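Quick note on labels: first sequence line is chain A, next is B, and so on, each numbered from 1. All values derive from a computational prediction rather than experimental measurement.
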Protein chains: 2
Amino acid sequence: MTRFLRPNIARMAGYVPGEQPRDGGFTKLNTNENPYPPSPRVKAALLEAVTDRLRLYPDPMSAELCRAVAALHRVEPGMVLAGNGSDDLLTILTRAFLGPGDAAAFPSPSYLLYATLLQLQDGRPVTVPYLPDWTLDRAALAVPGLKLVFLANPDSPSGTAMPREQIAQLAETLDCPLVVDEAYADFAESRFHAIPLLTDHPNLIVTRSFSKGYSLAGIRLGYLVARAEIVEHLVKVKDSYNCDRLSQVAGVAALRDQDYLAATRSKVLATRSRLTNALRALGYQVPESQANFVWATGGPPARETFQQLKDRKILVRLMAYPGYPEGLRITVGTDEEIDRLLEALHQIGESRDRRTEPPPTR
Amino acid sequence: MTRFLRPNIARMAGYVPGEQPRDGGFTKLNTNENPYPPSPRVKAALLEAVTDRLRLYPDPMSAELCRAVAALHRVEPGMVLAGNGSDDLLTILTRAFLGPGDAAAFPSPSYLLYATLLQLQDGRPVTVPYLPDWTLDRAALAVPGLKLVFLANPDSPSGTAMPREQIAQLAETLDCPLVVDEAYADFAESRFHAIPLLTDHPNLIVTRSFSKGYSLAGIRLGYLVARAEIVEHLVKVKDSYNCDRLSQVAGVAALRDQDYLAATRSKVLATRSRLTNALRALGYQVPESQANFVWATGGPPARETFQQLKDRKILVRLMAYPGYPEGLRITVGTDEEIDRLLEALHQIGESRDRRTEPPPTR
């Protein structure tokens with residue numbers, strides 16, 4: 001029966017998410033989860049929501065959540081759409097804007113899902129390289145007929161971000177919607193946030209996630225903010241009941257505890273700074289990160305180090321992009337986790353030095 | 001920016017789910033929710049799962065859930081795919097099999113989402129009418145180039161179901177995948193269940209839901225069972241983390257409490273029988289239902305009755321399909337809820353009789 005599959009689906013490889021080991025013994029620095037637990041208020045709200053009412057469908061429009069998002073960002077609730085994780089929203093956007101043969105652009109190295117989503121729609125990918133200083137090679141965007149542009153800001157794996165005025169310039173240059181994927185924006189300075197640009201830039205669409213800043217990767221929740229006339233159409237593409245009762249409740253509670261977000265964020269930022277410096281001292285090149293991970297290249301061979309860390313039960317993410325050196329994307333864990341990682345990298349370095357030393361004379 | 005939308009998306013109306021009133025004062029018999037709460041074991045499992053681990057991504061493949069499903073249906077775990085509600089799975093299937101201009105067939109009257117999903121893929125709908133005795137007009141399926149066929153079994157709104165041997169015949173006639181949507185199968189006799197046919201019918205794909213039988217509409221969970229070589233491709237189409245941690249836990253706990261399912265099911269079936277007889281006594285035509293709702297036509301004008309019930313804070317679903325009389329789809333609620341409905345229908349009937357009586361002579 002696989003002969004009935006659409007040819008683009010049959011031949012594609014599929015997106016491979018980062019490893020989720022069932023073995024709890026790993027120090028898990030590979031999928032950019034927040035090392036701190038969700039807000040106690042989120043847990044309290046969830047416990048209260050485990051009632052007989054789970055037999056009822058959730059609000060299909062997640063209205064209370066959208067109102068809370070709108071209040072936070074000072075936009076109209078009609079400009080907000082909730083999703084089953086921001087991946088759901090990226091899926092909705094590609095389905096709404098891209099059909100077979102349609103061209104969409106995204107940077108590289110960046111989130112690999114954009115290419116997968118485009119393949120699922122049988123679209124045509126236009127890759128926009130990052131230059132060595134992690135600015136975009138904007139000339140690559142001069143492609144006629146572009147239907148959609150994705151930009152992860154902060155980017156993954158680099159952790160670098162484009163300031164708001166550069167996003168504005170980009171939006172002005174483009175004659176198509178620009179999706180700014182702000183999954184990591186909670187860890188970035190506010191001058192990198194694009195939502196304030198919506199007033200003057202109707203082609204801007206910003207996606208956000210509860211997975212990272214709000215420590216809720218396990219409940220699957222995200223949202224997008226765009227002009228209301230766009231949101232009205234996107235509603236038709238989403239599953240009727242895409243966000244469940246529990247995640248809606250968790251999202252509202254999380255948004256209402258901005259103090260908790262600020263407190264965990266500042267711990268992550270302090271550890272990120274320490275991790276960046278330590279890796280640089282070990283000889284890695286590490287761009288200045290605005291996210292909850294860092295991107296380390298230029299040190300000892302990344303693939304070997306990845307495996308040696310894994311042997312020591314430390315998981316980081318090995319990432320390879322055509323035209324760029326392999327590197328390690330390392331999530332900013334707790335201070336203890338990062339101490340463990342740095343200690344392991346030291347040991348690995350020392351054993352490598354011993355191996356490469358000339359054999360002792362007799 | 002709406003000019004950048006795909007034309008099929010821009011012009012379509014979108015699926016409208018049944019009303020979910022925020023006002024809790026309604027007797028809600030409109031969206032086929034189970035009137036009984038989820039199993040106490042589900043609630044216990046959920047309460048236990050509200051931990052710091054919600055910061056971590058869920059298992060992308062919902063492996064434990066798939067194993068539990070596989071054990072229940074005596075199939076291999078690789079034949080099971082979990083979804084964010086069975087709507088998610090129906091979406092995955094249309095995206096995998098249908099591109100622009102591709103033809104897919106589904107019965108009418110049936111679940112309206114099939115037409116919406118097809119529009120989203122810019123496909124070509126082939127409608128297969130139900131005959132007056134609620135059997136399918138199979139001649140309408142003799143369309144060259146069909147890529148996919150949907151069949152809701154039990155069907156909605158009729159509640160009627162095709163026995164397994166008829167599904168087998170249909171699968172044998174078709175030269176394309178046949179999706180049997182068994183959202184309501186938990187309320188049907190087992191002779192209507194299609195999963196046992198998978199051994200001999202490689203083109204069969206069966207979807208199931210936790211929303212109805214397991215009283216979990218609020219957590220969004222469903223699964224499909226198909227040949228493993230099909231499932232392998234469908235995995236590429238789904239969102240990486242489509243089922244969250246809490247729903248996976250709830251699903252496993254629900255599957256493990258088959259006694260509870262059997263107990264609530266038998267209450268629903270007893271009430272369904274009583275409701276069917278009472279509606280017939282009121283002059284409605286009601287086909288024999290294998291689901292947790294009944295379909296009432298041929299009584300007083302459905303639209304008027306719908307509104308009069310709503311005025312009395314009783315919500316049922318008014319459904320209109322081209323070529324068929326309007327009718328009321330009524331969820332089998334608790335006995336108390338059905339008493340309330342029947343009492344209201346009596347009152348509505350009496351006040352109609354008074355209006356239509358000749359004016360009293362002076």
Heavy-atom closest pair (A/E33 atom, B/Y57 atom, distance to 0.1 Å) is OE2-N, 2.8 Å
For B/Y36 and A/R55, which heavy atoms make the closest approach, and how far apart are they?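 Reported closest heavy-atom pair: O-CD, 3.7 Å.
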Specify which of [options] makes the most heavy-atom pairs with chain A at under 4.5 Å.
options                    : answer
B/Q121, B/R95, B/K147      : B/R95
B/P202, B/P35, B/A49       : B/P35
B/N84, B/T2, B/L234, B/D59 : B/N84
B/L148, B/D175, B/N8       : B/D175

With a 4.5 angstrom heavy-atom cut-off, which part of [X] approaches chain A: side chain, backbone, both or neither?
X      : result
B/E229 : both
B/P60  : side chain
B/L98  : backbone
B/T31  : both
B/F97  : both
B/L93  : neither
B/D88  : both
B/R53  : neither
B/D122 : neither
B/A13  : backbone

Of the listed A/C243, A/P58, A/A250, the one with the largest count of heavy-atom pairs under 4.5 Å with chain B is A/P58
Salt-bridge test for A/D87 and B/K238: reply yes if a basic N is under 4.0 Å from a carboxylate O, no otherwise.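 A salt bridge is absent here (no side-chain N lies under 4.0 Å from a carboxylate O).
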Does the distance from a Lys or Arg side-chain N to an Asp or Glu carboxylate O, for A/K43 and B/D52, drop under 4.0 Å? yes
Is it the side chain or the backbone of A/N34 that comes within 4.5 Å of chain B heavy atoms, both, or neither?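 Contact with chain B: backbone only.
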Which atoms of A/L146 come close to chain B, meaning under 4.5 Å heavy atom to heavy atom: side chain ones, backbone ones, both, or neither? backbone
For the pair A/D244 and B/S247, evaluate side chain to side chain donor-acceptor pair (under 3.5 Å) and give the outcome as yes or no after the intermediate values. CA-CA 9 Å; A/D244 66 43; B/S247 61; 5.2 Å; no
